[in-house]
Amino acid sequence: MTVGLLSTIAAVFYGGTVSILALTATFASRRTLRHEARSTLAVLVPGRAVESQQADGAAAGPGS
């Protein structure tokens with residue numbers, strides 16, 4: 001295998017993983033699953049700010 005082919009495969013795998021995590025972080029029905037997906041995205045995507053758990057709880061409101 002050439003270096004270009006390996007790079008392409010790695011880029012597709014990385015892009016797919018980040019896309020699935022972004023969708024999970026946005027549309028998951030459970031708050032804990034959204035939080036875990038956001039934490040994982042913060043590790044995989046450089047420069048992404050990590051949201052605090054307090055901000056996530058404030059957005060959900062006291063009734064959830």
Taking distance alone, no hydrogens or angles, what donor-acceptor pairs closer than 3.5 Å link side-chain atoms of residues 16-27 to residues at least two apart or in another chain?
| from | atom 1 | to | atom 2 | distance (Å) |
| --- | --- | --- | --- | --- |
| Thr17 | OG1 | Phe13 | O | 2.8 |
| Ser19 | OG | Gly15 | O | 2.8 |
| Thr24 | OG1 | Ile20 | O | 2.8 |
| Thr26 | OG1 | Ala22 | O | 2.8 |

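Under the rule for a side-chain contact (heavy atoms from CB on, under 4.5 Å), the partners of Leu5 that lie at least two apart in sequence or sit in another chain are Met1, Thr2, Ile9.
For the atom pair OG1 (Thr40) and NE2 (His35), the distance works out to 10.0 Å, reported to the nearest 0.5 Å. Atom-to-atom distance recorded for Glu36:CD and Arg30:CZ is 10.5 Å, nearest 0.5 angstrom.
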